[in-house]
Amino acid sequence: MQLNSEIQFKLENIVGQSFVFTDMETRNHYGHDETEAYVFPPNVVVKPSSALEISEILKIANQYKIPVVPIGARTGLSGGALSVQGGIGLSMERFNKILNIDEQNLQVITEPGVITQVLREAVAEKGLFYPVDPSSMGSCFIGGNVAENSGGARAVKYGVTKDYVLNLEVVLPTGEIIWTGANTLKNSTGYNLTQLMVGSEGTLGIVTKIVLKLLPKNTHNVLMLVPFYKANEACEAVSAIFRAGIVPSALEFMERDAIDWTLQFVEGLNVQVKSDIQAHLLIEVDGNYPDILMVEAEKIMTVVEQFHIDDILFADTVDEKNALWKMRRSVAEAVKANSVYKEEDTVVPRYELPKLLEGIKSIGKKYGFQSVCYGHAGDGNLHVNIIKGNLSDENWKTEVPKGIREIFELTVSLNGTLSGEHGIGFVQKDFMDIAFSKPHLELMERLKYVFDPNGILNPGKILP
């Protein structure tokens, strides 16, 4: 679609001429995220700085039926920020202030354009802890985390974004500004609009303020890297650890290629991997009492020693711990540097992980593609990176999607679902029929219509 000069003039009157961009370079910059090689530039990029400005923009968009796509840090992996129908790209980067850290009530009020790690470090200085830590936390926005209901390594013990959102200021597609809940730990007052907004991927409203609950900061942790000679046994060990009564603060799975590619990609990592090791578990326990943590670590050792493992590596210093976490958090970037790839975000009950991994490898053989798997094994969330390698463009385009559909069918058959933390967005929406019945999808469509009767907000996402 094309935006005429009258609409551009109205947008400039709202935010100022210097915050409205129509040049191709800027539009392309805001027309992609980390999802494969897709580029869908908006017709215009607008950078508001207040809920009132967004309200006025949406009123214009609603009047002229112009698509509006909220754009955060563009670190997403499901195409949620892509302007697939053009229109207005609404950059949230000027919403970059932490408004209040309430040390008495253990809460923080923040704007959505604050980088997640910046928020975590700011509350840590007050002795507080925001646990959600997606791998991209050094660059992603907290607003994007809310939109996608992001998780991360420590979700296994502490939960995901939805477990910390108390209240949201939201601009509806028709321009009204509402608060969805209350700044209280308990709330049984009416429908839970807060939780409806979390994970809605910018399709129901635009979040302009976020109230998050915080926790007291733990003082100690123990981190270990466990090498397994069999990848399926690494998956089996995950459930065994929990059945033994231990709840780690992180339990990450990395198969052999993920480790090898990352060690080649990241300088300064000194991790030795024997040739016949197939996978690793990175396991952390945390708390305030070192003696208790050592008891838990010893209990974990007793569990994993029932499997075929090599020597367990304990990280004794902060630098060693940081190096192991750097290795884990760099896997996605290392895979991307190695080959063209598609990343799928499967999640199953953790006991089903061995069946999921075995099935993914079998499907890969059937369709001729290699996969590199890693992820948050403690909560059953396995990231599947499908590697193009030597596949022809034709097979990549026609055969691999069939394999992806089979992977999702397997996932759902194991009582799992399509995404644990990346969201559905643009690239997974055609698989939604695997997880949901027609009445379920129709109910979602009706919800969308109630909030957004003209369908202007982030169209072409989630629903097939």
Side-chain angles (χ1 to χ4, degrees), residues 1-96 112-113 141 143-144 147-148 170-176 200-208 423-427 429 448-449 451-463:
M1 63 163 295
Q2 295 294 323
L3 294 179
N4 60 42
S5 57
E6 177 188 358
I7 293 173
Q8 182 176 335
F9 179 72
K10 289 182 177 182
L11 295 174
E12 290 173 348
N13 276 344
I14 294 170
V15 300
Q17 188 174 3
S18 58
F19 295 109
V20 176
F21 303 86
T22 57
D23 63 286
M24 201 66 226
E25 181 179 359
T26 301
R27 290 166 55 205
N28 279 334
H29 180 71
Y30 288 91
H32 71 87
D33 56 13
E34 293 299 317
T35 310
E36 301 174 37
Y38 292 115
V39 180
F40 290 92
N43 296 93
V44 60
V45 175
V46 183
K47 299 184 180 182
S49 62
S50 72
L52 288 173
E53 289 181 353
I54 291 178
S55 173
E56 293 303 313
I57 292 167
L58 290 180
K59 288 176 184 177
I60 291 172
N62 208 44
Q63 177 185 352
Y64 292 95
K65 296 182 174 58
I66 302 169
V68 178
V69 178
I71 300 174
R74 296 171 295 107
T75 61
L77 293 164
S78 62
L82 302 179
S83 298
V84 294
Q85 296 183 17
I88 299 171
L90 200 69
S91 169
M92 301 300 291
E93 62 195 295
R94 295 177 68 199
F95 286 79
N96 58 5
F141 288 172
E148 304 296 335
V170 175
V171 185
L172 299 177
T174 46
E176 294 92 345
S200 63
E201 303 189 34
T203 63
L204 302 180
I206 295 177
V207 173
T208 50
I424 298 301
F426 173 68
V427 297
K429 65 188 182 73
K448 167 69 170 170
Y449 179 80
F451 281 83
D452 186 11
N454 287 322
I456 65 165
L457 196 53
N458 211 5
K461 310 296 170 59
I462 301 182
L463 297 171

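Residues Pro70 and Val207 are not in side-chain contact: their nearest non-hydrogen atoms beyond the backbone lie 4.5 Å or more apart. Two residues are said to be in side-chain contact when any heavy atoms from C-beta on lie closer than 4.5 Å; Val15 and Glu56 fail this criterion. When side chains are defined from C-beta on, Met92 counts as touching Ile206, because their heavy atoms get closer than 4.5 Å. At least one side-chain heavy atom of Lys10 sits under 4.5 Å from a side-chain heavy atom of Tyr64. Counting heavy atoms from C-beta outward, Val44 and Ile7 have side chains that stay 4.5 Å or more apart. Using a 4.5 Å heavy-atom cutoff, the side chains of Val427 and Tyr38 are in contact. Looking at Val69 and Pro42, their side chains never come closer than 4.5 Å, going by heavy atoms from C-beta outward.
Proximity of a side-chain donor or acceptor of Lys461 to a complementary backbone N or O of Ser200 within less than 3.5 Å is not detected. Panel note: side chain Asn458, backbone Gly80; a donor-acceptor pair is recorded below 3.5 Å. Looking only at distances, no side-chain donor or acceptor of Ser83 sits under 3.5 Å from a matching main-chain atom of Pro41. Within the 3.5 Å criterion, the main-chain N or O of Leu3 finds no donor-acceptor partner in the side chain of Asn43. A donor-acceptor pair is defined here as one N or O able to donate and one able to accept, closer than 3.5 Å; such a pair exists between the side chain of Asp33 and the backbone of Thr35. Between the Glu53 side chain and the Ser49 main chain, a donor and an acceptor come within less than 3.5 Å of each other.
Between Glu201 and Thr203, the side chains place no donor N or O within less than 3.5 Å of an acceptor N or O (distance only, hydrogens not considered).
With rounding to the nearest 0.5 Å, the separation of CE in Met24 from NE2 in His29 is 13.0 Å. Rounding to the nearest 0.5 Å gives a distance of 9.5 Å between NZ of Lys59 and CD1 of Ile14. Remark: Thr174 OG1 to Phe451 CZ distance equals 10.0 Å, nearest 0.5 Å.
Taking both residues in full, the closest heavy atoms of Gly175 and Ser55 are given as O-OG, 2.5 Å, listed atom of the first, atom of the second, then distance. Between Arg74 and Tyr30 the shortest heavy-atom distance is CD-CA, 3.9 Å. Counting all heavy atoms, side chain and backbone alike, Ile456 lies closest to Lys65 at CG2-CA, 4.0 Å. Pairing each heavy atom of Gly202 with each of Leu457, the nearest pair is O-CG, 3.2 Å. Closest non-hydrogen pair, Gly423 versus Ser78, comes out as O-CB, 3.4 Å. Across Ile88 and Val46, no two heavy atoms sit closer than the pair CG2-CG2, 3.8 Å.
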